[in-house]
Amino acid sequence: MSPRPEEDDGYGAPYSALAQVYDRWMAADRVPYDQWLTFTGKRFAESGLQVRNVLDVACGTGMTIKALQDHGYEVTGVDASAAMLDVARARTAPGTELVCLAVPDERLAELGPFDSALVCFDGANYLTAQDALATTLHQLARTLRPGGVLVFDLSTRRTFEEIAAAGEFGEDFGDFAYIWNTRHEPDTPAYEYLVSLFVAEGELFRRSVERHAQRHFSRDEVRNALRAAGFTDIAVSDNYTERDATDSTRRETWSARRTTGPIPTMTPRGL
């Protein structure tokens, strides 16, 4: 997910520079888009709904949108990065609705109704502000039809700790390279990544630095937020498989269905 743009702090907006090389970078990590599509297709089938239209939140460069469109779905994409959406616009079907906004945002609830909503590849880990996850889930419930299917993933505490333990690392792709530094606030679930990107321009390289803020969530936090937003049939598995999530899981995949009854009113924490 492209996160909410931060105030000017000397760093570029998240994904403002990465957008131009993002797909090549992710291809190097062999992102399993087909596996994601297979998993979500099974959740659609299990729901008993005839899923036709899908909301892809944190759609990035549109890889998931394109895969869903190739399978006949009508897809609307949402992302906070205009640069990522520019890439998505060139990839997806002509006329695809692509909306630039950073969740949580009340406009999200006004986009529907949709049969399903997806938030793939750690997009929800960018929801770092207090109640941001709960608020976003509540907005997604409102944009889904009764019984609509929600699928999203979250990197786990184990993943964050492994990345932090790696310290500074990077990779050289020839015409671009990156250096990754992790900062962690002790005794909190919050992590900050400084990504220095070097992209070839003629005989030189242009350097850009982006700051990305993410956090991990406990399973109880996620389940409670889903229930409070009116989701049922809540399940969690290991990284888009049918395996149960365990303490060794590095990415959890959550699925749920919007209640067919009224959506509960959200009560802010502390009230």
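Excluded from the calculations below are hydrogen atoms, water molecules and symmetry mates; all remaining heavy atoms, backbone and side chain alike, are included. By convention here, the first residue in the shown sequence is residue 1. Everything numeric here is computed off the predicted structure, so don't read it as measured data.
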Spacing of CG belonging to Leu37 relative to CG belonging to Leu68, to within rounding of 0.5 Å:
5.5 Å
Any heavy-atom pair between the side chains of Ser155 and His216 that's under 4.5 Å?
no
Distance to the ring centre below 6.0 angstrom and angle to the axis at most 45 degrees; does that hold for Arg227 and Phe231?
no
Between Thr61 and Asp23, the two heavy atoms sitting closest are OG1-OD1, 2.6 Å
Stepwise, does the side-chain hydrogen bond (donor to acceptor under 3.5 Å, both in side chains) test hold for Thr182 with Glu192?
CA-CA 6 Å; Thr182 302; Glu192 181 178 272; over 6 Å; no
Output the distance between atom CG (Asp238) and atom OG1 (Thr156), rounded to the nearest 0.5 Å.
9.0 Å
What do you reckon, is CZ of Arg157 surrounded by more than 12 foreign heavy atoms closer than 6.0 Å?
no
Ala141 to Arg258 - nearest heavy-atom pair and separation:
O-CD, 2.8 Å
Taking Gly112's backbone N and O only, do any of them form a donor-acceptor pair with Thr143's side chain (distance below 3.5 Å, no angle check)?
yes
Steps toward side chain to side chain contact (heavy atoms under 4.5 Å, CB included) verdict (Gln35, Thr241)
CA-CA 8 Å; Gln35 182 177 331; Thr241 69; 3.5 Å; yes
Taken to the nearest 0.5 Å, the spacing of Glu168 CD from Leu194 CG works out to 10.0 Å
Residue set satisfying salt bridge (charged side-chain N to carboxylate O under 4.0 Å, His left out) with Arg207, at least two apart, ordered chain then number -> none
Give the intermediate values and the outcome of side-chain hydrogen bond (donor to acceptor under 3.5 Å, both in side chains) for residues Trp36 and Thr38.
CA-CA 6 Å; Trp36 298 355; Thr38 298; over 6 Å; no
With a 4.0 Å cut-off on N to O distance, would you call Arg250 and Glu161 a salt bridge?
no
Carefully, step by step, assess Val57 and Phe152 under the rule side chain to side chain contact (heavy atoms under 4.5 Å, CB included).
CA-CA 9 Å; Val57 179; Phe152 64 98; over 6 Å; no
For Thr136 and Pro104 the tightest heavy-atom approach is OG1-CB, 3.4 Å
Side-chain heavy atoms under 4.5 angstrom apart, residues restricted to Ile, Leu, Val, Met, Phe, Trp, Tyr: same cluster for Phe173 and Ile179?
no
Atom pair OG (Ser255) and CD1 (Ile234), whose distance is rounded to the nearest 0.5 Å
9.5 Å
Non-hydrogen atoms of Phe44 and Ser47 that approach each other most closely:
O-OG, 2.6 Å
If you count the non-hydrogen atoms of other residues, nucleotides and ligands that lie under 6.0 Å from CG in Asp247, is the total more than 12?
no
Interatomic spacing from CG in Leu85 to OG1 in Thr92 - rounded to 0.5 Å:
9.0 Å
Looking only at heavy atoms, the pair that brings Ala83 and Ser16 closest together is CB-O, 3.9 Å
Within 6.0 angstrom of Arg89 CZ, more than 12 heavy atoms from elsewhere
yes
What about Met26 and Val21, same hydrophobic cluster or not, with Ile/Leu/Val/Met/Phe/Trp/Tyr joined at side-chain heavy-atom distances under 4.5 Å?
yes
Just so I know, are the side chains of Ser116 and Phe114 near enough to count as touching, which here means a heavy-atom distance under 4.5 Å?
no
Would you check if Val75 and Thr96 make a side-chain contact, meaning some heavy-atom pair closer than 4.5 Å?
no
Side chain to side chain, Gln214 and Asp122, heavy atoms closer than 4.5 Å
yes
Within the 6.0 Å centroid threshold, strictly below: Tyr15 and His212
yes
With clusters defined by side-chain heavy atoms of hydrophobic residues (ILVMFWY) lying less than 4.5 Å apart, directly or transitively, does Trp25 cluster with Phe198?
no
Quick one, Val236 and Thr253 - any side-chain contact, counting heavy atoms below 4.5 Å?
no
Output yes when a side-chain donor or acceptor of Glu252 lies under 3.5 Å from a complementary backbone atom of Ser237, and no otherwise.
no
Can Asp153 and Asn239 be said to form a side chain to side chain contact (heavy atoms under 4.5 Å, CB included), step by step?
CA-CA 8 Å; Asp153 64 56; Asn239 197 16; over 6 Å; no
List the steps, then state whether side chain to side chain contact (heavy atoms under 4.5 Å, CB included) holds for Arg251 with Leu154.
CA-CA 6 Å; Arg251 175 175 290 117; Leu154 286 164; over 6 Å; no
Apply the test side-chain hydrogen bond (donor to acceptor under 3.5 Å, both in side chains) to residues Arg145 and Asn53: give CA-CA distance (whole Å), side-chain angles for both, the deciding distance (0.1 Å), then the verdict.
CA-CA 11 Å; Arg145 289 188 173 88; Asn53 65 338; 3.2 Å; yes
So, applying side chain to side chain contact (heavy atoms under 4.5 Å, CB included) with Arg43, which one of Leu118, Val149, Val51, Asp233 is it?
Val149
Taking C-beta and beyond as the side chain, do Arg223 and Asp220 meet within less than 4.5 Å on heavy atoms?
yes
Surrounding CD of Gln50 (heavy atoms of other residues, nucleotides or ligands, distance under 6.0 Å), is the total greater than 12?
no
Can you tell me if CZ on Arg91 sees more than 12 non-hydrogen neighbours from other groups inside 6.0 Å?
yes
Indicate the atoms forming the closest heavy-atom contact of Cys100 with Ser81, along with that distance.
SG-C, 4.3 Å
Is there a path of hydrophobic side-chain contacts, each under 4.5 Å between heavy atoms of I, L, V, M, F, W or Y residues, that connects Leu18 with Phe205?
no
Is the number of heavy atoms from other residues, nucleotides or ligands within 6.0 Å of NE2 (His71) greater than 12?
no
More than 12 heavy atoms from other groups under 6.0 Å of CD on Glu74:
no
Less than 4.5 Å apart, any side-chain heavy atom of His138 and any of Ile263?
yes
Kindly indicate whether a cation-pi arrangement holds for Arg24 with Tyr22, taking the cut-offs as under 6.0 Å to the six-membered ring centre and within 45° of the axis.
no
One should read off an interatomic distance between Leu108 CG and Gln139 CD, to the nearest 0.5 angstrom, of 5.5 Å
Quick one: do Leu101 and Leu140 end up in the same hydrophobic cluster if we chain Ile, Leu, Val, Met, Phe, Trp and Tyr together by side-chain heavy atoms under 4.5 Å apart?
yes
Quick one: does Tyr178's side chain get under 4.5 Å of Glu171's, heavy atoms only?
yes
Are Glu221 and Arg215 close enough for a salt bridge, meaning some N to O gap below 4.0 Å?
yes
Report yes if the distance between the aromatic ring centroids of Tyr240 and Phe39 is under 6.0 Å, otherwise no.
yes
Do Thr249 side-chain atoms and Thr246 backbone N/O form a donor-acceptor pair below 3.5 Å?
yes
Parallel, tilted or perpendicular: which fits the ring planes of Phe160 and Tyr191, with parallel below 30° and perpendicular above 60°?
tilted
